[in-house]
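Have a look at the structure below before the remarks.
Nothing fancy with the numbering, it's 1 onward along the sequence. Order of listing sets the numbers, starting from 1, for every ligand and every atom in it.
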Amino acid sequence: MSLARRQKVQVKILDPRLGSEFPLPATATPGSAGVDLRACIDAPLSLKPGETQLIPTGMAMYIGDSGLAALLLPRSGLGHKNGIVLGNLTGLIDSDYQGPLMVSLWNRGNQDFEIQPGDRIAQMILVPVIQPEFEVVDTFVDSERGAAGFGSSGQR
Ligand SMILES: O=c1ccn([C@H]2C[C@H](O)[C@@H](COP(=O)(O)OP(=O)(O)OP(=O)(O)O)O2)c(=O)[nH]1
Ligand SMILES: [Mg+2]
């Protein structure tokens, strides 16, 4: 068994309700991979079917280590039950980004969905990063798959 690596990440509080009225994002259980982000909006907000809105999380975050990045992902309950997912499908937070952390929230469902101030709207995970350095070649060493893809192996 291995334990998750813990990493200090600097945050700036942009909305004073974060850390007082609304808890700061934190892992909910020892085995949680993600931390939930909260909607730091001033008033309830209704997302109509098909609508996308950029929601502030009330904080800025500076990862500051190019070997790491953060991914924003939908919460499964909101996504599955209410059709509330991300307008960019997945958010990628660069290690050098210092601006406000925003969530693009998309109602892909067919009913209005109301978000209250402080609601947990998405989750964030920290992931290791490997930066590619492309090396141009004329040929590849043959692999078993070769160029076959996009369902080439069938469904069963
Ligand atoms: O859901 C998201 C996605 C991105 N960002 C911030 C952090 C990220 O580092 C920056 C740029 O994101 P990205 O590279 O995905 O967007 P872009 O459209 O390529 O913008 P840029 O030209 O600024 O890189 O925007 C968010 O706050 N939330
Ligand atoms: Mg970019």
- Task: Go through Ile84 and Ile121 one step at a time and tell me if the side-chain contact (heavy atoms from CB on, under 4.5 Å) criterion holds.
- Result: CA-CA 8 Å; Ile84 300 300; Ile121 50 170; over 6 Å; no
- Item | Residue, atom name and distance, where the atom is the protein heavy atom closest to atom 26 (C) of ligand 1 | Ile93 CD1, 3.5 Å
- Of the listed options (Thr57, Ile63, Leu105, Asn88), which comes nearest to atom 1 (O) of ligand 1 when hydrogens are ignored and any heavy atom counts? Asn88
- Message: Does any part of the side chain of Pro25, heavy atoms only, come nearer than 4.5 Å to the side chain of Met124, both counted from C-beta?
- Response: no
- Message: Heavy atom to atom 27 (O) of ligand 1, shortest distance: which of Gln98, Met124, Met61, Met102 holds it?
- Response: Met102
- Message: Closer than 4.0 angstrom, basic N to acidic O: yes or no for Asp119 and Arg38?
- Response: no
- Item | Heavy atom of the protein closest to atom 10 (C) of ligand 1 (residue, atom name, distance) | Tyr97 CD1, 3.9 Å
- atom 23 (O) of ligand 1: any protein heavy atom closer than 4.0 Å: no
- Task: Check whether any side-chain heavy atom of Met61 sits under 4.5 Å from a side-chain heavy atom of Ile93, and report yes or no.
- Result: yes
- Item | Nearest protein heavy atom under 4.0 Å from atom 17 (P) of ligand 1, yes or no | no
- Query: Taking the side chain as C-beta and beyond, is there a heavy-atom pair between Leu54 and Val103 under 4.5 Å?
  - Reply: no
- Query: Counting each atom of ligand 1 from 1 as listed, which ones have a heavy atom of Asp94 under 4.0 Å away?
  - Reply: 8 (C), 9 (O), 11 (C), 14 (O)
- Tell me, do Phe134 and Val136 make a side-chain contact under 4.5 Å, heavy atoms counted? no
- Which heavy atom of the protein is the closest neighbour of atom 15 (O) of ligand 1, given with residue, atom name and distance? Leu92 O, 4.0 Å
